[in-house]
Amino acid sequence: MKLKFDYNNMMDSAIGAHGIKPSEISAASSLHSAAYKEVVENSGRGWQEWTECPLIPQKEIDELNAFGAKIREKASSFVVLGIGGSALGPICVFNALLHLHHNELPEKMRKAPKIYVEDNVDPERMASLLDIIDLKTTYFNVITKSGETSETLSQFIILYNLLKKTVGEKKAKEHIFVTTTVGKGALYNVAEKEGFKIFGIPSGVGGRFSVLSNVGLVPFAVMGVDIQSMIAGARAMREACERTDINTNPALMTAFLQVKSMQAGKNISVMMPYADGLKTMADFYCQIWAESLGKAVDKKGKTVNCGQTPAKSLGVTDQHSQVQLYTEGPYDKVVTFIGVENYGATVNIPAAETSDVGNFLKGHTLNELITAERKSTEFALTKAGRSNYTIILPEVNAETVGELLMYFMYQTAFAGAYLGIDTFNQPGVEEGKKATFAMIGRAGYEAKLQELNSLSKNDAYIIK
Ligand code: PA5
């Protein structure tokens with residue numbers, strides 16, 4: 001494992017009364033073994049097929065790379081249509097591993113098509129996309145685990161229709177490939193009928209745990225991401241997260257520390273990477289943490305209404321926006337810093353034009369500055385008695401990103417096991433999806449529409 005996890009500042013020795021005592025960790029050994037067993041002993045079973053993603057055979061990686069190279073050769077733009085777990089993985093990996101201004105790079109410097117991950121149905125966004133892509137040379141990966149999600153299906157219908165008009169029926173089919181559950185759902189049926197290339201999602205891999213399945217691997221292959229190294233990283237982290245001793249298992253330990261803090265009233269989990277390339281990694285974390293742990297009942301049916309609200313923050317930018325609150329506001333947060341030892345570029349700070357402006361910075365690098373700022377914020381929070389821990393990446397590359405993603409998945413699974421909840425369902429999201437079907441008039445949802453219509457609004461509470 002290349003990543004390092006430093007949880008000193010979660011402990012009472014660093015932050016005093018708000019910290020966790022070593023005895024609290026050792027006294028919970030039966031909880032650790034129960035959480036460990038629930039996750040590790042169920043590896044590959046039920047909704048835990050995601051643990052097997054890093055075991056993908058070499059032959060499949062080679063096939064994905066060959067497919068990706070073919071699309072890359074002919075595409076000017078590549079568009080991913082998906083939402084939630086079918087979009088956030090691709091978004092955070094592209095953010096981390098492609099040039100930060102990939103789409104703006106001159107064509108010669110860009111080794112892959114322009115990339116757009118369309119995870120909303122804002123009509124202005126669709127119209128804007130259509131203004132800038134050339135359908136004749138644009139390829140679309142429609143990703144939906146259920147094959148039924150209104151947002152993704154509507155995007156697909158709009159774009160397939162336009163493609164047929166622009167390049168003709170036969171060619172349009174070559175511009176679309178789908179990633180979905182084989183044999184199930186509306187998208188699968190259409191894909192079969194139309195003859196689109198289909199990539200399967202294993203039935204036991206849920207949306208937010210799917211980044212290392214075809215949901216992520218297909219778009220990564222198209223964009224030339226080194227999926228071999230990413231899988232190697234994920235495999236190394238899988239091994240680390242399956243260590244039995246909590247003191248050497250990063251996901252089990254940090255899941256426990258988070259849950260323990262949550263139970264002591266720290267209901268907010270701030271994810272604060274110090275790298276622009278990891279900015280959307282915080283979005284990935286926010287989804288997996290929120291949707292997995294925010295549950296009304298536990299596995300025994302007892303009402304628990306548990307969860308820890310994730311918040312995203314970017315170092316150093318948000319030091320000038322949110323850190324005041326983190327340092328002096330309520331003791332209701334755990335801050336996770338993500339630091340990078342070696343950034344992908346080194347930028348020197350030369351002597352200032354006017355000798356007395358910022359002279360103290362002269363001879364340093366932006367690399368030193370961002371690292372000093374991370375450590376200083378960590379120091380300030382710790383001094384103020386605030387729970388925080390740091391994940392260090394030696395550098396941001398396919399391998400370390402694979403490790404980080406796998407760690408988040410294990411950490412979430414262990415946290416859910418400590419809480420005794422079903423980590424892998426999302427009844428709250430499903431309810432909204434059904435209500436949308438009803439409002440849009442889908443057959444079979446008439447009762448839901450009636451329920452919706454029965455809710456009346458009191459005009460007295462509407463200010464115009
Ligand atoms: O994690 C989840 O299960 C959800 O966020 C889904 O990914 C999201 O609702 C999209 O669902 P689907 O991939 O079925 O279109």
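Below, all heavy atoms of this structure are taken into account, side chains as well, without hydrogens, waters or symmetry copies. FYI, the numbering just counts along the sequence from 1. Counting starts at 1 for both ligands and their atoms, following the listed order.
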Engineer: Is the terminal nitrogen or CZ of K197 (NZ for Lys, CZ for Arg) located under 6.0 angstrom from the six-membered ring centre of F199 and within 45° of that ring's axis?
Structural biologist: yes
Engineer: Taking the inter-plane angle between the rings of H101 and H99 on a 0 to 90° scale, is it parallel (under 30°), tilted (30 to 60°) or perpendicular (over 60°)?
Structural biologist: tilted
Engineer: Which of the numbered atoms in ligand 1 are under 4.0 angstrom from any heavy atom belonging to G207?
Structural biologist: 1 (O), 2 (C), 3 (O), 7 (O)
Engineer: Among protein heavy atoms, which lies nearest atom 1 (O) of ligand 1, and at what distance?
Structural biologist: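 I find the closest protein heavy atom is R208 N, 3.0 Å.
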Engineer: Just jot down the ligand 1 atoms closer than 4.0 angstrom to any heavy atom of T149, in number order.
Structural biologist: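 Near T149, the atoms of ligand 1 are 11 (O), 12 (P), 14 (O), 15 (O).
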Engineer: In the protein, which heavy atom is nearest to atom 13 (O) of ligand 1, and how far is it?
Structural biologist: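 Answer for atom 13 (O) of ligand 1: S86 OG, 2.6 Å.
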Engineer: Is it the case that over 12 heavy atoms from other parts of the model lie below 6.0 angstrom from the CD atom of E104?
Structural biologist: yes
Engineer: Starting from atom 8 (C) of ligand 1, find the nearest protein heavy-atom neighbour and note its residue, name and distance.
Structural biologist: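 That would be I83 O, 3.7 Å.
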Engineer: Could you give me the CA-CA distance, side-chain angles and deciding distance for Y407 and F5, then say whether ring pair (Phe, Tyr, Trp, His ring centres under 6.0 Å) is met?
Structural biologist: CA-CA 11 Å; Y407 158 73; F5 298 81; 4.6 Å; yes
Engineer: Should the pair F220 and F94 be assigned to parallel (<30°), tilted (30 to 60°) or perpendicular (>60°) ring geometry?
Structural biologist: perpendicular
Engineer: Please write down residue, atom name and distance for the protein heavy atom closest to atom 6 (C) of ligand 1.
Structural biologist: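 Of every protein heavy atom, G85 N, 3.9 Å lies nearest to atom 6 (C) of ligand 1.
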Engineer: Identify whether NZ of Lys or CZ of Arg in K164 sits under 6.0 Å from the centre of the six-membered ring of Y160 and within 45° of that ring's axis.
Structural biologist: yes
Engineer: Given the ring of Y410, does R238 sit roughly above its face, with NZ or CZ under 6.0 Å from the centre of the six-membered ring and within 45° of the axis?
Structural biologist: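 The answer is no; the distance or angle limit is not met.
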Engineer: Measure the distance from atom 2 (C) of ligand 1 to every protein heavy atom, then report the residue, atom name and distance (to 0.1 Å) of the closest one.
Structural biologist: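 It is E291 OE2, 3.1 Å.
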Engineer: With a cutoff of 4.0 Å, is K433 in contact with ligand 1, counting heavy atoms of the residue only?
Structural biologist: yes
Engineer: Nearest to atom 5 (O) of ligand 1 by heavy atom, K145, Q287, E148: which?
Structural biologist: Q287
